[in-house]
A.B. asks: 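Handing you a structure now.
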Number of protein chains: 2
Amino acid sequence: MPALEAIEGALEARGYRVTPARRAVLQAILSRPEHFTAEEVMRRARAGRATVFRTVRLLCELGLLCRVLLEDGRLHYRLLGPRRHHHHLVCVECGRVQDLEECAVGGLVRELASATGYEIQGHWLEFYGRCLSCREPDQGGVR
Amino acid sequence: MPALEAIEGALEARGYRVTPARRAVLQAILSRPEHFTAEEVMRRARAGRATVFRTVRLLCELGLLCRVLLEDGRLHYRLLGPRRHHHHLVCVECGRVQDLEECAVGGLVRELASATGYEIQGHWLEFYGRCLSCREPDQGGVR
DNA sequence: GCGATGATTGATACGAGGTATCACTGATGC
DNA sequence: GCATCAGTGATACCTCGTATCAATCATCGC
Ligand SMILES: [Mn+2]
Ligand SMILES: [Mn+2]
Ligand SMILES: [Zn+2]
Ligand SMILES: [Zn+2]
């Protein structure tokens with residue numbers, strides 16, 4: 001999880017200004033739990049609606065945020081470490097999100113490309129389930 | 001692609017009535033291209049907004065429609081043959097959608113489950129690219 | 001047939017989540 | 001100093017739904 005300065009550095013490095021509005025959005029994001037909606041950021045950042053959405057989009061484009069697609073189709077955002085393209089495992093009970101280390105469908109993409117003739121450019125892949133701690137009561141585990 | 005009578009039969013078989021409003025929605029769907037939004041159905045079916053959305057949801061639940069997640073997060077719908085759970089390959093240029101024969105991440109799901117302890121209950125998986133015909137101009141192919 | 005019951009409908013309001021406009025502000029470059 | 005352009009935010013607007021609720025329709029027991 002990058003610190004404020006790291007994110008601001010990444011913005012400046014790409015020619016974007018670090019303005020008060022952007023800093024407000026960044027602070028709101030850093031104060032949020034592991035994943036959040038743009039609306040939640042809105043409520044905490046002293047910045048206009050359009051600016052919040054623009055900033056979130058910008059951070060996604062720069063690879064500083066990743067988008068987490070929930071099972072019901074809602075979109076959340078999440079700070080991204082230095083990681084590249086990857087996918088998520090979302091606990092539908094407690095909301096915990098686990099980044100999956102890498103993209104496990106690379107082989108599948110190649111197979112599909114040769115089977116269908118498509119030039120495959122991207123994909124969505126998200127998994128949903130119940131995490132270990134949410135399952136524990138089930139199992140009548142220790143204690 | 002099921003015909004009107006087949007869909008109506010499926011509704012009746014599960015205890016749902018085939019009403020004029022539902023028939024109007026079905027006809028609008030059958031007149032649409034391979035995938036469509038609920039809004040497009042709205043514009044063609046003489047039926048109230050709520051009814052259109054309710055009917056589309058019902059058809060999804062009954063397995064008569066499948067949901068196609070576009071790259072930008074929008075949701076389209078598509079008539080489903082007798083197929084089960086599967087995924088899509090969407091051409092981002094012409095919009096063509098190809099149903100993938102089966103779910104190719106079953107093995108991955110099992111691996112993930114044992115690696116993470118999650119009980120994995122579902123997933124989203126959609127691929128985006130350019131289909132063969134949309135690529136052809138690229139390649140200076142035959143003719 | 002008759003009334004009770006439950007399914008279905010559509011007008012309408014509401015809500016989330018996001019984009020388009022556009023006049024304005026504030027840095028930057030010269 | 002002035003032109004230019006990135007950034008801003010109020011606001012209107014849009015899509016894609018869901019909630020409400022009174023009206024209607026079909027069915028069923030009698
Ligand atoms: Mn992530
Ligand atoms: Mn399909
Ligand atoms: Zn959990
Ligand atoms: Zn195509």
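Just so it is clear: chains get the letters A, B, ... in the order the sequence lines come, proteins before strands, and each one is counted from 1. Computed from a predicted structure; not experimentally measured.
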A.B. asks: Is B:Arg49 paired with B:Glu39 through a side-chain N to carboxylate O contact shorter than 4.0 Å?
C.D. replies: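 Judged by the 4.0 Å cut-off on N to carboxylate O distance, B:Glu39 and B:Arg49 do form a salt bridge.
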A.B. asks: Of the candidate nucleotides D:dG9, D:dT18, C:dT8, which contains the atom at the shortest distance from the side chain of A:Ala21?
C.D. replies: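 Minimum distance to the A:Ala21 side chain belongs to D:dG9.
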A.B. asks: Consider the side chain of B:Ala50, meaning its heavy atoms from C-beta on, and name the nucleotide among D:dA19, D:dG9, D:dC16 that approaches it most closely.
C.D. replies: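 The listed nucleotide nearest to B:Ala50's side chain is D:dA19.
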A.B. asks: Hey, does the side-chain of A:Arg46 have a donor or acceptor N/O within less than 3.5 Å of a partner on the base of D:dG9?
C.D. replies: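 When only heavy-atom distances are counted, A:Arg46 does not reach the base of D:dG9 through any donor-acceptor pair under 3.5 Å.
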A.B. asks: Can you check whether A:Gly95's main-chain N or O pairs, donor with acceptor, with A:His35's side chain at less than 3.5 Å?
C.D. replies: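 It does hold such a pair.
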A.B. asks: Which residue lies toward the 5' end of DNA chain D, A:Thr55 or A:Arg49, if each is placed at its nearest nucleotide?
C.D. replies: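 Upstream on the strand: A:Thr55.
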A.B. asks: Just the rounded figure in Å: distance from P of C:dA16 to CZ of B:Phe53.
C.D. replies: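 Computing the B:Phe53:CZ to C:dA16:P distance gives 17 Å.
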A.B. asks: Considering only NZ, NE, NH1 and NH2 on the basic side and carboxylate oxygens on the acidic side, decide whether A:Arg96 and A:Glu34 come within less than 4.0 Å.
C.D. replies: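 Looking at A:Glu34 together with A:Arg96, the answer is no, because their closest N to O distance does not fall below 4.0 Å.
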A.B. asks: Of all the choices, C:dG17, D:dC16, C:dT21, which nucleotide is nearest to the side chain of B:Arg74 once you look at every atom?
C.D. replies: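 The nucleotide sitting nearest to the side chain is D:dC16.
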A.B. asks: Using only side-chain N and O atoms of B:Thr51, determine if any of them is under 4.0 Å from OP1 or OP2 of C:dG10.
C.D. replies: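 Looking at the OP1 and OP2 atoms of C:dG10, one of them is under 4.0 Å from a side-chain N or O of B:Thr51.
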A.B. asks: For B:Glu8 and C:dT8, give me the distance from atom CD to atom P, rounded to whole Å.
C.D. replies: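 In whole Å, C:dT8 P and B:Glu8 CD are 14 Å from each other.
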A.B. asks: Between C:dG18 and A:Arg57, counting only base atoms on the nucleotide and side-chain atoms on the residue, is there a donor-acceptor pair under 3.5 Å?
C.D. replies: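 Answer no: no donor N or O sits under 3.5 Å from an acceptor.
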A.B. asks: Just checking B:His123 against A:His87, ring centres under 6.0 Å apart?
C.D. replies: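 Aromatic pair excluded; centres sit 6.0 Å or further apart.
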A.B. asks: Is the shortest side-chain N/O distance from A:Arg22 to OP1 or OP2 of D:dG7 below 4.0 Å?
C.D. replies: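 Yes.
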A.B. asks: Are OP1 or OP2 of D:dT8 and a side-chain N or O of A:Arg17 less than 4.0 angstrom apart?
C.D. replies: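 For D:dT8, neither OP1 nor OP2 has a side-chain N or O of A:Arg17 closer than 4.0 Å.
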A.B. asks: What is the distance from CG of B:Asp72 to C1' of C:dG17, rounded to the nearest Å?
C.D. replies: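 The distance from CG of B:Asp72 to C1' of C:dG17 comes to 13 Å, rounded to the nearest Å.
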A.B. asks: To the side chain of A:Leu75, which of C:dT9, C:dG10, C:dG18 is closest?
C.D. replies: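 For A:Leu75, the side-chain atoms sit closest to C:dG18.
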A.B. asks: Side-chain donor or acceptor of A:Arg54 under 3.5 Å from a matching atom on the base of D:dG7?
C.D. replies: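 Side chain to base: no pair below 3.5 Å.
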A.B. asks: Is the side chain of B:Arg130 donor-acceptor paired with the backbone N or O of B:Cys134 at a distance under 3.5 Å, no angle test?
C.D. replies: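 Yes, the answer is positive, given that a donor and an acceptor are paired below the 3.5 Å cut-off.
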A.B. asks: Atom CG of B:Leu70 and atom P of D:dT15: how far apart are they, to the nearest Å?
C.D. replies: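 Between P of D:dT15 and CG of B:Leu70: 15 Å.
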A.B. asks: What is the distance, rounded to the nearest whole Å, between atom CZ of B:Arg23 and atom P of D:dA26?
C.D. replies: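 Between P of D:dA26 and CZ of B:Arg23: 12 Å.
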A.B. asks: Distance check needed: D:dA6 C1' versus A:Glu12 CD, whole Å only.
C.D. replies: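 Spelled out: CD on A:Glu12 to C1' on D:dA6 is 14 Å.
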A.B. asks: Any side-chain N or O of A:Tyr77 under 4.0 Å from OP1/OP2 of C:dG18?
C.D. replies: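 Checking C:dG18 against A:Tyr77, a side-chain N or O does come within under 4.0 Å of OP1 or OP2.
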